[in-house]
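Just below is one structure, and these are the notes that go with it.
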Amino acid sequence: MTYPDLLHPWCIIRCLPNAQSLILGRFRRRSQAEAHLQILRQLLPDFTYEIVFDSGTAQTDWAQQLTARPHSR
């Protein structure tokens, strides 16, 4: 995750077929995401949306594992 993504952990995603999703927006506060979601549901009611918290820990754990490995020379 980039630094701006870490500053905006609340995401609105559009649920797609085959368990896929598309991030539509990132927000710093959940209340901002909820307000934006309300507008999306009014403008495009046929789609399914969710608010999720993206902590970025999966990518951080992976990066820590890489740095913990001993380097071969």
Side-chain angles (χ1 to χ4, degrees):
M1 286 183 95
T2 63
Y3 182 69
D5 290 344
L6 291 173
L7 292 177
H8 298 84
W10 292 99
C11 303
I12 294 179
I13 60 167
R14 178 177 159 202
C15 301
L16 300 173
N18 298 326
Q20 295 180 347
S21 61
L22 176 67
I23 295 177
L24 300 178
R26 299 183 80 82
F27 303 89
R28 191 176 288 245
R29 294 179 182 82
R30 182 178 173 93
S31 60
Q32 294 171 331
E34 288 172 344
H36 194 83
L37 179 62
Q38 185 178 13
I39 293 169
L40 277 175
R41 287 186 172 154
Q42 289 175 354
L43 294 175
L44 302 166
D46 297 333
F47 298 113
T48 304
Y49 306 101
E50 294 290 331
I51 296 177
V52 296
F53 185 82
D54 184 9
S55 64
T57 56
Q59 205 166 27
T60 303
D61 291 342
W62 179 78
Q64 287 175 352
Q65 288 175 2
L66 282 179
T67 57
R69 287 187 197 167
H71 292 78
S72 60
R73 293 184 182 211

TODO: Could you tell me which residues satisfy ring-ring contact (aromatic ring centres under 6.0 Å, His included) with Phe27, sequence neighbours excluded, listed by chain and number?
DONE: His36
Open item on the list: Can you tell me how far apart CD1 (Ile51) and OG (Ser31) are? Round to the nearest 0.5 Å.
Closed with: 9.5 Å
TODO: Write out all pairs satisfying salt bridge (charged side-chain N to carboxylate O under 4.0 Å, His left out) with one or both partners inside residues 7-21, taking only residues at least two apart or from two chains.
DONE: none
- [ ] Examine Leu22 and Leu40 and state if one hydrophobic cluster contains both, with Ile, Leu, Val, Met, Phe, Trp and Tyr joined whenever side-chain heavy atoms are less than 4.5 Å apart.
- [x] yes
Task: Minimum heavy-atom distance His8-Arg28, with the two atoms named - done: CD2-N, 3.5 Å
Task: Pairs involving residues 31-48, ordered by first then second residue, that meet salt bridge (charged side-chain N to carboxylate O under 4.0 Å, His left out) (sequence neighbours left out) - done: Arg30-Glu34
Task: SG-CZ distance between Cys15 and Phe47, expressed to the nearest 0.5 angstrom - done: 12.0 Å
- [ ] Please round to the nearest 0.5 Å and tell me the distance separating atom CD1 of Ile12 and atom CD1 of Ile39.
- [x] 9.0 Å
Open item on the list: If hydrophobic clusters are built by linking Ile, Leu, Val, Met, Phe, Trp and Tyr wherever their side-chain heavy atoms come under 4.5 Å apart, do Leu24 and Leu7 end up in the same one?
Closed with: no
- [ ] Measure the spacing between OH of Tyr49 and CD1 of Ile13 and express it to the nearest 0.5 Å.
- [x] 12.0 Å
- [ ] Could you tell me the separation between the CG atom of Asp54 and the CD1 atom of Ile23, rounded to the nearest 0.5 Å?
- [x] 6.0 Å
Task: Separation between CD of Glu50 and OG of Ser21, rounded to the nearest 0.5 Å - done: 10.0 Å
